[in-house]
Structure formats: C-alpha cells, structure tokens
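To keep things clear, I will list the structure first and then write my remarks on it.
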Amino acid sequence: MNIAVTEGINLTPATFTQGLNVWSSGDGTPGSDTYDGAANAALVAGDGDFGTCLELQKTASTQYLRYMGETPIYPGVYYQIKARVKAMSGALPTLRISAYAANSSGNALSGVNTRGGGSTLSSYGDVVEITAIVGTGSRSGVDMAWGVNADYGHFGLTLEGASGGVVRIDDIEITDVTNYFLRDMQNVVDVTDYGAVGNGSTNDTAAFEAADDDADGRKILVPAGEYYIADTLSLNHEVIFEGTLSMPTDAILLLTKNFSYPPYAAAFADEELAFKKAFQALLNNVDHETLDLGGRMISLSGPVDMQAAVPNRTSYATRRVIRNGQLSALSNSDWDTETVTSRATYSTSNTRTLTNVSNINAVPVGSLVTGAGVGREIYVKSKNNATSELTLSAPLYDAQGTQTFTFTLFKYMLDFSGFSSMEKFGISGVEFQCNSRASGIKLPPSGKVFALHDCFVTRPKDRGITSIGTGCQGMLVDNCQFLSAEDALNVSDRTSIALNVNANDTKLRHNRATRFLHWAVMSGQNHVITGNHFFQGDTVAGGIRSAGIILTQTFSSCVISDNYIDNCWVEWSNEYDATPDFDTGFSFSSLSISGNIFLSGDVADWFTYLVIKPYGTGHFLNGFSVTDNKFRSINGSIDRVERVDTSFSDLDFNRARDVLFAGNTFHNIDTPAVNPLRIEHVQSTSTNRWVVDTNDTLPFGGWARGVDAVTAKNAIRNGSGNAVYSMPYVNTEQGSNRDQVDLVWPESVNGQVQVTVRMDRHA
C-alpha cells in the first residue's frame, strides 16, 4: 500500500472553532456526550502559542477528548496523530493519544491497543507535542497496530491523573505517514500491514492472502521474521522475501507471478526444502510447466523422495520440466547403500515374481536383485508384504526353485519411484554432481516419455539413471554427459552403470559417457541409439574390456547408428528370458548396426566389438544388419570384430536368415567378417572338385549355407588346355567347420572364379 490511497481525503479532524459538538468526552461514537456547552470546556482566542484553542479543565481521573468523525483505516496505511498541549494551572496531567477502534459494523475491535505512549506535563506554559502512530501492521514505531479487521477510528487525547488542572490544546492533526514504512517509496505491499506477525508460530496465512488481494499489481514484501503458513497459499503477485516461511509438508506455496527456484530458496531457510516445495508447486500449478533453478547449486543431504514432496499426487501425466541448475550430493551416511539377503522361490510359471520371500519387510522396493540365474539390472518393482511376494522388473533366466537372493538399494539424488506413474516429465540443463556418494535418477515404476536433455550426470557412485519398471517407456536421453566416478579404475574393478531400460521406444542420442562398467543395459524393443560416444578403456596393456551396450532380448527391432564405440562392445543376449532355450519366436532378430566408429587400443587379441550371448540352446540369427561401420584396433591387432559368447550355448548356424555384413572397413583386424562373402578362388591344378574355403570370414564363424553366384574370371580349361563352357554345381556346408563349398565340374578343369558365399538363407 502507499499514500496514494489517502489522496483527496481530509484526515485532519475539524478545528475546535468549527464547533465542539463533534468532540466527545466519551469514546467518540455517535450518541456519546460532547463538549458543546460543557462547563469545563471553552474556546480561547489569541493564545500566543496556538491562536484559538480549546481550554479544558480536567474534572475526572481519566478524561477523554475524541473526534467523532470516522477516520478510515486502510491496510498498509499509517497515520500519525499529533496534539500540542500546555499546562495552565493546577495538577499536571499525563497525556497520551488514544482512540476508539471500530470494525465495519461499528463495534469495538477487541484485543488491540488503543493508546499511545504517555507524556506527563512538568511545567506551566511550555508546549508539549504528543504523538502516536496507528496502522494495520505491527511494525517498529507503530503504537497502535489494529490489523486488517479495522475499518475506522475515533482519535483524540486521554488525560490521566489528578483532577482540577487546566490545559490548553491546539487543533489535533492526523497525517498519512505511510512513507515512513515504505523503503524509498517502493511499489510494494507489506504482509505485516495485513496482520502478519512473523513469530514462527502464529498462522499468518490470512495476512498473506489479504496482502495479495490488495496488491493490485504491486510486489508483496515479506520482511524479516519467520512466518508460519498453515495452509496452501497462492500468491498472484511477485514476492520479495527478506523473512522466511515454515509450512506443513502438505501445504503448497504457489508463487504464480515469479515461479522459479530462487524465490523458494529465499522463502525457506533450507535450500533442499525449498527445492521440494518448488517441485510440489510445479506439480500443482496449471500456470507453469517449468521449474527454473536459476542456475543455482542445491546441496542435497540425502535422497530426495520426489513423491513424498508432493503428498497429494501419486501419479502425474502433464508435461513438466526442471531446468537450469546443479544438484550436489553432500557427504554423509544418508547416501550409504543398503543390502539385504533373503530366501525366495522363483517359478517360470510366474516369470516376474518371487514368492515366499523371507523377511520381506526388509526388502526395499527399487533394490537391485542378484543371485544365481539373475540377469543384469533386475530390480524390485513392487512388493506385497501380506503375500510375501516381490514383483520384478524382468524375468530371471535360470533361477527355478528356492535360493538366497541379495537385494541392494542404491541411493539416488532424485527418486521418483514413489509415484505409481509419471508421463511427459523432463529435466533439462541440470548437472547431477553425485560426488561418488550418490546415484543420479531413479524413475517411477511406470510411465511414458521421461526426458533428459543437456544434462550432466557426474561421478555417480553406482548408477546414473535406473528404471525399476516401465517408467522408461519412450524415454528420451539427448545431449547428456555421463562422467564415471570409476575413471581411474581398471575395467575389471568397475561396477557402475550409466543407465538401464526395461520398456520400448527409448531414444539415446548424442550423449557422451566415460569409463563405466557398462553404459546402457537395455531391454525392450524399437530403441534408437545414435550419435553417442562412450568409452571404457583403461591403461592395462592387453587388458580386458566390457560391454558398452547390452541388449537383453532376442527380438530387438533396434537401430545402433553413427556412434563412437570406444574400447567396449555391443552385447546381445537373452538374459531376460525365463525359458532361454529357443522354442518359438524369431530368436536373435531385427537389429541394425550401421555407420558407427569402433575403436580399441591395447586390448587382448580376443577382444571383439560385437558379441552375441545365447543363454539357451537352439538360437539363431534372423535379421541382423551390420553395415558401413569403421572397425579399427590400435597398439596391436585383434583377431576379429564379432564372436559368440558360448558360456551357455552356441548359435544354430543351420537356421541363420537375413544376415548382412557389408560396407564395413577393417584396420588391424586379422579376419574381417563379410556376408555375403565374395571370394576369389584360383584353381591351378585340374580337378573336377574345387574346394572354396571361406577362411573363417563368415560372421561369427557361420556355415557356408549358400552360393549366390559363381563367375569365371577367365577361361575355364581342361587338362588339354581347351576351354570348357559347362557350369559346376555346388555342395555347401563342406569341411569340418561347414564353412567351405565345393564347386563340382563335369570334368577336371582349372581356372579362376569369383564365388559369392552366404552364411544365411532368406526367410
């Protein structure tokens, strides 16, 4: 509020010369006695100090002089009431400004102060000025704070002490002194003008709402103090916080005019609490879709349970974004990993459930499951204590029966797992400074299109992004950096993983990741992985390496293109198959790897860039394209670029279909892999059976299952040197490894041919 409110209003009471019928000897209300015609009151003209003034003889121990006019009270407006008085004779009284405070019904306000400070006259003839300030807010310098329920007042003097004294009183003045309380005349309203106390316990919600209602485009000032807000508070004007707020967890602060993190940081003494309250508002505010952190660093003392910060929401499906800031994990025990072991039973008839779980109360939802026959990155999605059952994020490949499992709970800076589902939530331009203490983000158990753009996940202790269910459906991770805390460790000592996926349609694009054990463990189908650079080497000469990308299902329908795959490999398995032996389906199918840079250095010669690992028997390739890639090894050569990990089983090469290895380049690779394979065969001695050897060049050591073409490079001649124009027939899958073909001629001949051999057949 400012003094413009009182412009045009005559605040000063009527002069005594205008008539004493408006000057009450009571409380000033209509019907109270006046000094008009009173024996103890008279007008005196020509006083040397006052001119015409009121001379009043004190006839009671407490005597009142109140103006009967109604002086209006406005929130944020402050009046100074001033009276000049001098003693003429008799007893010297104590004088103070006093008033009658009225509400809109004219009734007296209860519980408010109606008297200013007292001043006792000490001599005759000396002019003494008596003042007091009245207003709605309890500010320093305000004598009478009446709150926002005050409507008007009757102002004047109170004379206290012995009777009989005579005083003269100049005309009483009332002036607007609001400018005393508006710093440099800022265009603000102050919540204390509306009754806010700021003592940390009084509920100031109504005062804040009144200030907001009256702001009319001005800013709201919250001066120093601690203001308790008991209920949800929505403020529709910009707020300046010098004091702080305290609120129950379920009470929401909605700063609709200046919604961003910095005002919340100013509003709450704790920056972590401020982040939670700002996030709470983000999910409860229809006017804003983005929480801007303002470039601020927010220190977190422990994992932030994002759903607990918003207790009125268990799911969310409207686009919301957190952007532009840093989150930093402080060093304390709240980040420590929790580990529980428990016996449980697994059956392939219920592939995502553990039953008869002992001590199930101690098993945390969201914990990593390990044990015999458990694939990588299997998590507890939910649990039912009553039935002693755990629901898993994926099936187990060989855990039939009862065994002891280990459940490991990593601690995440932002933990969304308390939500049953979230959709269209994004984080952009945020750095997660995990500081080797915390993991990054735990996704909700279900949801769609979680997006991470232009973010840094720096030095996560265990995991960067974890999906414990299907909250990764359609996830977008673009232009992010995952910087390992294990950069200095050798590959064999690393345990951290940048991210995992359980659902379909993820896009990983233009990211960079450094020296994790694995960059991405990916279940589901239809993923697009393009333009990324992930590297996982170390300084050990001839050292081992690990998988950069792990695909955990046979039918992939994925594209891996234009990546820089550095000192790691792409591994394709079926470890999320509860019955991993092939029975029906497409087996290892529908994967395209194209246009990538594959580089390695100082690796063991058995290192390969592409690994297929069947966890059961009978599997085969069925739609696999590897094209236009650049394979290169430095500081030593490697045997080949692809292999089958036969820890559990080999592939069935008799069923290979639609395999394409073409357009790739190989440098320091002893045996390139090509299919279809074009072979130049020279037969210098005449024979009717030419053995054409693929020299282990067919991908994965596949069989020579077909010949697309046989082309003579020159004249085919018999033993007499005569040209022969007949064609041979072909015997495929020859030799001990079935990787040779025989060209069988009608007679013994010699010459040179070009043979195109395939390891596959068309579907």
So, F208 versus Y194, ring centres under 6.0 angstrom or not?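 No, ring centres 6.0 Å or more apart.
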Carefully, step by step, assess N107 and S105 under the rule side chain to side chain donor-acceptor pair (under 3.5 Å). CA-CA 5 Å; N107 299 318; S105 299; 4.6 Å; no
Does a sphere of radius 6.0 Å around NZ in K424 hold more than 12 heavy atoms from other residues, nucleotides or ligands, not counting ones at 6.0 Å or beyond?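 Counting other residues, nucleotides and ligands, NZ of K424 exceeds 12 neighbours.
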Classify the ring geometry between F279 and F275 as parallel (under 30°), tilted (30 to 60°) or perpendicular (over 60°).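 Geometry flag for F275 against F279: parallel rings.
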Over 60° means perpendicular and under 30° means parallel, so tell me whether F410 and Y412 are parallel, tilted or perpendicular. perpendicular
Evaluate side chain to side chain donor-acceptor pair (under 3.5 Å) for N236 paired with T256, printing each intermediate quantity in order. CA-CA 5 Å; N236 298 312; T256 61; 3.1 Å; yes
With a 4.0 Å cut-off, would you call R84 and E173 a salt bridge? no
Charged N to carboxylate O under 4.0 angstrom, D47 versus K86?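 Yes, this pair counts.
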Rounded distance [0.5 Å steps], [atom1] in [X] versus [atom2] in [Y]:
X: R313; Y: Q307; atom1: CZ; atom2: CD; answer: 11.5 Å
X: L282; Y: I252; atom1: CG; atom2: CD1; answer: 11.5 Å
X: I427; Y: F450; atom1: CD1; atom2: CZ; answer: 4.0 Å
X: I229; Y: S246; atom1: CD1; atom2: OG; answer: 7.5 Å

Would you mind telling me which of Y67, F155, Y64, Y35 makes a ring pair (Phe, Tyr, Trp, His ring centres under 6.0 Å) with W23?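 So the option named by the test is Y67.
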Full working for salt bridge (charged side-chain N to carboxylate O under 4.0 Å, His left out) between D190 and R139: CA-CA 10 Å; D190 190 315; R139 295 188 179 213; 2.8 Å; yes
Passing option when H288 is tested against T290, D292, N285 for side-chain hydrogen bond (donor to acceptor under 3.5 Å, both in side chains):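 Option passing the side-chain hydrogen bond (donor to acceptor under 3.5 Å, both in side chains) with H288: N285.
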